[in-house]
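Working notes, beginning with the structure itself.
Just the heavy atoms: all of them, side chains too, but no hydrogens, waters or symmetry mates, feed the values below. Naming convention: chains lettered A, B, ... in sequence-line order (proteins, then strands); numbering from 1 in each chain.
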2 protein chains.
Amino acid sequence: MNKRATLKDIARETGVHVSTVSRALDPKRDTPLSEDVVVRVRDAAERLGYRPNRIASSLRTRKTMTIGVVIPDITNPIFPPIVRGIESVMEPRGYASIIVNTDSQRGRDKRLIEILLDRGVDGIIHTAVLLEDPTIVKVARSGLPVITLNRKIEGTGIPYLINDEEDGIRKVFSLLYNHGHRRIAHLAGPLELSTGQLRLDAFRKAATDMGLDSGALAIAEAEQFDEQGGREATAKILAQDPHTTAILCANDRLALGAIDHCAAVGLACPDDISVTGFNDMPFLDMIPPRLTTVRIQQFEAGAAAAGLLVKMLSGQGGDVPGETILPVQLMERDSVSAPRADGIRS
Amino acid sequence: MNKRATLKDIARETGVHVSTVSRALDPKRDTPLSEDVVVRVRDAAERLGYRPNRIASSLRTRKTMTIGVVIPDITNPIFPPIVRGIESVMEPRGYASIIVNTDSQRGRDKRLIEILLDRGVDGIIHTAVLLEDPTIVKVARSGLPVITLNRKIEGTGIPYLINDEEDGIRKVFSLLYNHGHRRIAHLAGPLELSTGQLRLDAFRKAATDMGLDSGALAIAEAEQFDEQGGREATAKILAQDPHTTAILCANDRLALGAIDHCAAVGLACPDDISVTGFNDMPFLDMIPPRLTTVRIQQFEAGAAAAGLLVKMLSGQGGDVPGETILPVQLMERDSVSAPRADGIRS
DNA sequence: ATGAAAGCGCTAACAA
DNA sequence: TTGTTAGCGCTTTCAT
């Protein structure tokens, strides 16, 4: 283990002082240096295979060139593209990312944020905030650049980047309506998450806008944004209104669970019941019945959030909008059809 | 941004020297200290909300409590569980992970490894090594703890943890054979990767063991371990031997591509042609025809590799076996059936 | 244009 | 049992 060369080694090699070496190697140096010295230093650095010790540099400058990324669970297929999007902008700028998974466990985020803070991250992209989230709010207040992605915390001044939930829900609601559905249920996500809450609000609004009484529609909240949550909530929906002809789900995995539960009780999708999702997660279009859903930008959202963070990191925080909303796109596939005319289920 | 308290602050507060404070706060301290001081220091630390500055500590101890994880692409569904497995053992021990994606691009790994080294990672888990991989070999030789996962580099002394590729291929080959298949083709992965090479070797061995002439079987190498690679290689296989009745693929995504290409040329799976995969990636069992495949341990493999790394990190490198092979399991689903008896395709 | 010196916050060898 | 001292490798102010 022949240890790495340091500035001191280069100084000895070239006969100049380490501070001069430091200056010569600084890419954006402001101090004037003789061309001769610069060349000799660069040369020696090259020869010795010099790599700056970022730890030492960080201690001095309080910049680690590392950011933290908080996600619920990398195992959820929509997050890998988001992470890649983030890295696609951070890495070329010299930033590395430390990713932590909260598993949507309240309280766990506290410990994870500490892990990030302890390592001196320069900023945080948080995709797992709760509607109430004192931990990250405190961090942001302390002056660390923070962006929330996919979800938001209102009234804190933390810039957020989300998808156009309202438009997405409206599009899918309209599609169901136009197919003739009137008894449209909503399988909501956990309401402590802004996605769950926002999509429920959007559902009610869409129903009202279409002239339906949103109070009369079946609504069930899933405990988790996953298949099991979808199954359980679907059972509640069918109990609330056995005549439901369509279930608008707050995300794809809930929809997959809904379809599964429906099949288990003898309801085929889309023949007996229509189901829609949200997100358009990877591989979804290979799973039958190919789910009609709302595509959110994943890679792009990550990249955009990272772009905002970079601005904050470079002191141009003033240029960062408090709210960024990314457009969504309706993906019509096979899980929606007209309600059965024969009233077989009534 | 009221800055974090330092040892110095606690020292001032308690009237003892900073080195004493440092000792009092060291969880595994060996030096004897008076109970009184310890209590006062702990107390003050608590009161001031002291959190150790890991950067400073790292500079001194040359330990960052951070490891690097190199993967091909987090977007490939088998990696998220592996990453979670790694974290399940590293995080409780105080380690954070920096994950980098090589995108299987030769050369890119060099830059990524440098990113990790620059940040002073204490060790590396590498899941994307090539059969020839001078970069990581050099790093390991320099003394940094390195483990390779899923793939191996022979003859370098770098401990590796892989799946029982040979057993997996043999199981799936036997299954096809027992269903009556004799014209079994192999859709190989890129041969510069040990998984690609190992599975090809295992395929030939299995064929020979079953009494088939492995030289007579169609074999095509995919350029990438993905659907597109699978489609292209399948075209080659069908050109090599139009009478192929089964394609044993080196992984699931190649198999998905194979099925897709077969469908495009009018061959239904499994009725006209049987196809098998490898890995049993997440969500695979929801995609029709449900693929018969070999399940590798994903989360567990990550956890096991991390366990080995932890040993190396704590100086018990001697206890780490050079080779660890995890058992695999045959998952029989719907993509294999007997070859058509009516010879419709011959 | 370059050198000297201080110091980021911590740890560890040595001294008392 | 505790204090002193030095220093990890770098950046940066000040002096020359």
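At least one side-chain heavy atom of A:R84 sits less than 4.5 Å from a side-chain heavy atom of B:D103. Here the side chains of B:N163 and B:I325 are not in contact, with every heavy-atom distance at 4.5 Å or above.
Taking CG of A:D133 as the reference point, atom CG of A:D109 lies at 5.5 Å (rounded to 0.5 Å).
Not counting sequence neighbours, B:Q298 has no partner by the side-chain hydrogen bond (donor to acceptor under 3.5 Å, both in side chains) test.
Between A:N53 atom CG and C:dC8 atom P there is a gap of 18 Å when expressed in whole angstrom units. The distance from atom CG of A:L33 to atom C1' of D:dT12 is 14 Å, rounded to the nearest whole Å. The CZ-P distance, from B:R51 to C:dC10, rounds to 12 Å in whole Å. At whole-Å resolution of the value, CG in A:L48 and P in D:dG9 are 14 Å apart. The nearest whole Å value for the distance from the CG atom in A:L59 to the P atom in D:dT11 is 11 Å. Rounded to a whole Å, the CG atom of A:D9 is 13 Å from the C1' atom of D:dC8. As a whole-Å value, the separation of A:E35 CD from C:dT2 P is 10 Å. Nucleotide D:dC8 holds its C1' atom 18 Å from the CZ atom of A:R54, rounded to whole Å.
The two atoms that bring A:Y50 and A:L25 nearest to each other are CE2-CD2, 3.9 Å, heavy atoms only.
Mapping B:V38 and A:A5 onto DNA chain D by nearest heavy atom places B:V38 closer to the 5' end of the strand.
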Which nucleotides of nucleotides 11-16 of chain C have their base under 4.0 Å from a protein heavy atom (B), which only their sugar-phosphate (S), and which neither (-), written as one string 5' to 3'? BBB---

Can you give each donor-acceptor pair under 3.5 Å made by side-chain atoms of residues 118-131 of chain A, sequence neighbours left out, with the distance rounded to 0.1 Å?
unit_1: A:D118; atom_1: OD1; unit_2: B:R4; atom_2: NH2; d: 3.1
unit_1: A:D118; atom_1: OD1; unit_2: B:R51; atom_2: NH1; d: 3.0
unit_1: A:D118; atom_1: OD2; unit_2: B:R51; atom_2: NH1; d: 2.8
unit_1: A:R119; atom_1: NE; unit_2: B:T66; atom_2: OG1; d: 3.0
unit_1: A:R119; atom_1: NH1; unit_2: A:I115; atom_2: O; d: 3.3
unit_1: A:R119; atom_1: NH2; unit_2: B:M65; atom_2: O; d: 2.7
unit_1: A:R119; atom_1: NH2; unit_2: B:G94; atom_2: O; d: 2.9
unit_1: A:D122; atom_1: OD1; unit_2: A:T64; atom_2: N; d: 2.9
unit_1: A:D122; atom_1: OD1; unit_2: A:T64; atom_2: OG1; d: 3.3
unit_1: A:D122; atom_1: OD2; unit_2: A:T64; atom_2: N; d: 3.2
unit_1: A:D122; atom_1: OD2; unit_2: A:M65; atom_2: N; d: 2.7
unit_1: A:H126; atom_1: ND1; unit_2: A:A128; atom_2: N; d: 3.1
unit_1: A:H126; atom_1: ND1; unit_2: A:V129; atom_2: N; d: 3.3
unit_1: A:T127; atom_1: OG1; unit_2: A:V70; atom_2: O; d: 2.8

